[in-house]
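Structure record follows, encoded as structure tokens.
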Amino acid sequence: MVLRDTDDGRIEVQPRQFPTNRGGLCQKGWTAADLLDHPDRLTTPLVRDPSGTLRPATWAAALDRIVDGLRTVQRAHGRDAVAVFGGGGLTNEKAYALGKFARVALRTRHIDYNGRWCMSSAAAAGLRAFGVDRGLPFPLTDLGRTDTLLLVGANPAETMPPLMRHVTDQRARGGRLIVVDPRLTATARQADLHLQPLPGTDLAVANALLHIALTEGLIDREYVAARTEGFDAVRRTVAEYWPAEVERLSGVPVADLEATARALGTAGSAMILTARGAEQHAKGVDTVSAYVNLALALGLPGRPHSGYGCLTGQGNGQGGREHGQKSDQLPGYRKIDDPAARAHVAGVWGVDPAELPGPGVPAYQLLDSLGTPDGPRALLVFGSNPVVSAPRAARVESRLRGLDLLVVADFLRSETAELADVVLPVAQWAEEDGTMTNLEGRVLRRRALRRPPPGVRTDLTVLAYLAARLDAPDPVPTGPAAGPAVDRFPTDPRVVFAELRRASAGGVADYAGVSWERIESADGVFWPCPDPDGPDSPRLFADTFPTPTGRARFHAVRHRPAAEPVCADYPLHFTTGRVLAQYQSGTQTRRVDALRRAAPHGFVELHPDLAARLGVGDGDEVRVASRRGELRAPARLSPTIRPDTVFAPFHWPGAARANSVTNDALDPVSGMPEFKICAVRVERA
């Protein structure tokens with residue numbers, strides 16, 4: 001988007017013609033400028049006084065409180081008693097600086113971010129199959145040119161409306177759209193075929209599709225032999241997934257399974273895309289792997305207008321997971337327990353590799369350990385609102401309340417900020433320069449329109465001040481990766497990005513050849529891009545995969561039930577998602593008048609048959625209870641949802657907080673919580 005000042009002093013949003021959105025914006029984009037001068041905007045630090053009230057304070061007093069608190073906690077409990085929690089909306093520069101700050105200034109292993117709850121399962125599956133995690137290994141424009149498009153657990157008509165322009169192109173060319181979703185969403189209504197499985201059975205559906213493709217001779221055996229490994233184990237596993245048995249398990253008719261397999265297997269080009277509906281499960285990595293297996297068996301990855309991809313959920317969901325916010329990663333998507341990776345990054349940072357902490361724990365485990373005898377006693381939060389967005393949210397809220405020190409950097413008083421000991425007012429997106437990386441792996445520039453208001457600082461400035469007060473070691477450049485001596489924590493995002501380039505060089509997500517100037521001259525640069533004068537990588541896998549053998553790897557996976565099956569006391573399946581007019585935890589969008597009018601409150605979606613059995617009418621307040629908590633919201637009756645399933649959006653706090661109900665069971669590989677299914681009972685409130 002483009003922002004401009006109007007003659008009457010307002011800031012106006014205008015769409016920009018760009019390959020990904022082609023001049024389109026959703027409601028949230030059109031209204032984004034409404035928050036820049038919102039009355040709720042934070043412009044001064046807040047510090048909790050002895051009476052328990054957050055009161056305005058000077059920056060000096062706020063920083064004193066933070067530094068004294070961090071030092072007290074670490075002296076009493078060790079370095080790992082302090083933790084950092086970041087966000088998928090931070091720029092690349094801020095995500096990089098936050099990871100460095102945790103490991104160099106605080107020297108703690110405890111850092112993770114809310115993107116762990118978005119793309120981590122697809123990331124883990126992509127890494128183990130392809131050797132790389134990039135949401136789309138091809139440009140988004142390829143969607144419009146594929147013959148068959150399978151969307152699994154994705155509703156871009158409400159969550160990413162500009163993307164639907166490419167789907168419209170695909171349909172106009174005569175392409176087929178198939179959607180897998182328990183609800184007849186706005187996206188599913190546009191599909192040629194809608195598969196409506198029981199939540200939590202996507203893996204079984206994928207294995208059945210591969211079973212059918214094998215049985216009907218749709219497999220690209222030449223591709224499998226030349227470019228992959230591990231297929232025999234997968235072939236034996238999917239032999240167990242007879243379509244009739246999967247129909248019994250998932251509710252998807254055999255005829256629809258067969259039609260889907262044939263549409264994919266006979267198309268000149270085909271694409272399989274997954275999103276949160278398939279991924280936010282305690283078996284999310286295996287579910288994505290099942291769809292990757294299907295794509296590989298059909299010979300799709302690396303072919304024109306074909307392949308597997310993941311639809312990224314947050315503003316910088318791709319870049320935010322590449323440069324060190326994740327508990328097990330260093331910049332460039334390097335593993336923190338890899339000695340060579342540690343040596344390279346330590347050389348850029350000017351520290352001894354032995355001084356870098358080891359891996360931490362994923363996001364939910366980190367939050368659930370807060371305030372416990374062996375867990376962190378202090379937490380710094382940047383760009384996240386876990387009181388609303390975390391699974392089993394009431395428990396997480398309790399953990400946050402029990403901390404010795406909670407610090408939140410934000411530009412609005414989120415529900416998490418309301419619990420903080422110190423709240424720091426930081427710049428918004430239109431007030432700072434930086435870069436973002438979109439779902440295609442395209443690095444983009446974000447330009448500041450104006451300076452932050454008086455009293456507001458950027459996140460980079462906050463980190464630099466804290467590092468200086470905490471006596472972070474001065475950098476001592478060593479080794480071939482090191483650059484010239486610089487400030488320990490630069491505040492200029494251009495300088496930070498130059499350091500990020502050096503730190504990422506040679507890694508999976510290599511930005512060494514990316515510069516702000518190159519981004520601006522080329523409408524973005526696709527990573528990996530190791531050479532400033534060499535090509536970037538808009539399409540991956542044409543000739544090889546970045547694995548040790550150069551081949552993609554199949555992984556045999558089996559369906560397993562949801563972590564929490566339904567029972568007599570909790571007989572219904574509960575699932576969550578988004579609505580068009582709201583975003584994430586709603587801290588921003590719930591303050592925009594137009595969006596609040598479009599979606600003023602939470603709701604619980606029920607099938608009319610279920611509502612009749614419960615004696616519930618449209619608009620009646622209902623209570624949804626699980627073993628972890630409950631939510632209360634008006635009922636919305638819809639024949640587009642399965643009669644055994646209820647749905648609630650997760651954007652609202654308080655009584656309507658959907659994540660009071662959700663399950664904190666975790667995927668053993670990715671650490672992804674099982675947001676998308678748990679057992680509940682529903683009653684009229």
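Predicted model only: the values in this text are computed from it and were never measured. Just so you know, residue 1 is the first one in the sequence shown, and it goes up from there.
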Stepwise, does the side-chain contact (heavy atoms from CB on, under 4.5 Å) test hold for W349 with H344? CA-CA 9 Å; W349 290 349; H344 174 89; over 6 Å; no
Can you find a heavy atom in the side chain of L143 that is under 4.5 Å from one in the side chain of F138? yes
Determine, step by step, whether Y511 and H323 satisfy the ring-ring contact (aromatic ring centres under 6.0 Å, His included) criterion, reporting the C-alpha distance in whole Å, the side-chain angles of both residues, the deciding distance to 0.1 Å, and the verdict. CA-CA 10 Å; Y511 281 40; H323 300 299; 4.6 Å; yes
Determine whether the side chains of R173 and Q170 contain a donor N or O and an acceptor N or O closer than 3.5 Å. no
Does a donor on one side chain sit under 3.5 Å from an acceptor on the other, for S250 and T201? no
For R145, I'd like to know if atom CZ has over 12 heavy atoms of other residues, nucleotides or ligands within 6.0 Å. no
Please check if atom CD in E222 has more than 12 non-hydrogen atoms from other residues, nucleotides or ligands closer than 6.0 Å. no
Exercise: do Y333 and S504 side chains pair donor with acceptor under 3.5 Å: no
Can you tell me how far the CG atom of L136 sits from the SG atom of C310, to the nearest 0.5 Å? 7.5 Å
State whether the number of non-hydrogen atoms from other residues, nucleotides or ligands found under 6.0 Å of R560 atom CZ is greater than 12. yes
Charged N-O contact under 4.0 Å between D142 and R539: yes
Could you check whether R494 pairs with E93 (Lys NZ or Arg NE/NH1/NH2 to Asp/Glu carboxylate O, under 4.0 Å)? no
N92 side, atom CG; Q325 side, atom CD - distance, nearest 0.5 Å: 9.5 Å
Side chains of R334 and R342: closer than 4.5 Å at any heavy-atom pair? no
Drop me the distance from L98's CG to I111's CD1, to the nearest 0.5 angstrom. 4.5 Å
Can K326 and D112 be counted as an ion pair, charged N to O under 4.0 angstrom? no
Under 6.0 Å between ring centres: does that hold for H281 and F675? no
Rounding to 0.5 Å, atoms OG (S515) and CD (E520) come to a distance of 8.5 Å
Passes salt bridge (charged side-chain N to carboxylate O under 4.0 Å, His left out), K283 versus D667? Steps please. CA-CA 5 Å; K283 55 179 180 294; D667 185 292; over 6 Å; no
Is there a donor-acceptor contact under 3.5 Å linking the side chains of R128 and S289? yes
Could you tell me if Y96 and E499 have a donor-acceptor pair between their side chains, going purely by distance under 3.5 Å? yes
Could you tell me whether the side chain of D256 reaches within less than 4.5 Å of the side chain of L193, counting heavy atoms only? yes
Report yes or no: do R116 and S327 form a side-chain donor-acceptor pair below 3.5 Å? yes
Picking from T274, T260, L273, what satisfies side-chain contact (heavy atoms from CB on, under 4.5 Å) with L150? T260
The single option from V179, I272, I178, V167 that satisfies side-chain contact (heavy atoms from CB on, under 4.5 Å) with L149 is V167
Out of curiosity, T435 OG1 to L500 CG, how far, rounded to the nearest 0.5 Å? 7.0 Å
Contact check, side chains of T146 and H166, non-hydrogen atoms, under 4.5 Å: no
Have R578 and Q584 got a donor and an acceptor in their side chains that come within less than 3.5 Å? yes
Presence of salt bridge, R176 and D147, under 4.0 angstrom: no
Qualifying residues under ring pair (Phe, Tyr, Trp, His ring centres under 6.0 Å), relative to F85, sequence neighbours excluded: W117
Please determine whether a side-chain nitrogen of the Lys or Arg among D232 and R235 lies less than 4.0 Å from a carboxylate oxygen of the Asp or Glu. yes
CE of M164 to CG of N155, rounded to nearest 0.5 Å, is 8.0 Å
Between K94 and D459, does any side-chain N to carboxylate O distance fall below 4.0 Å? yes
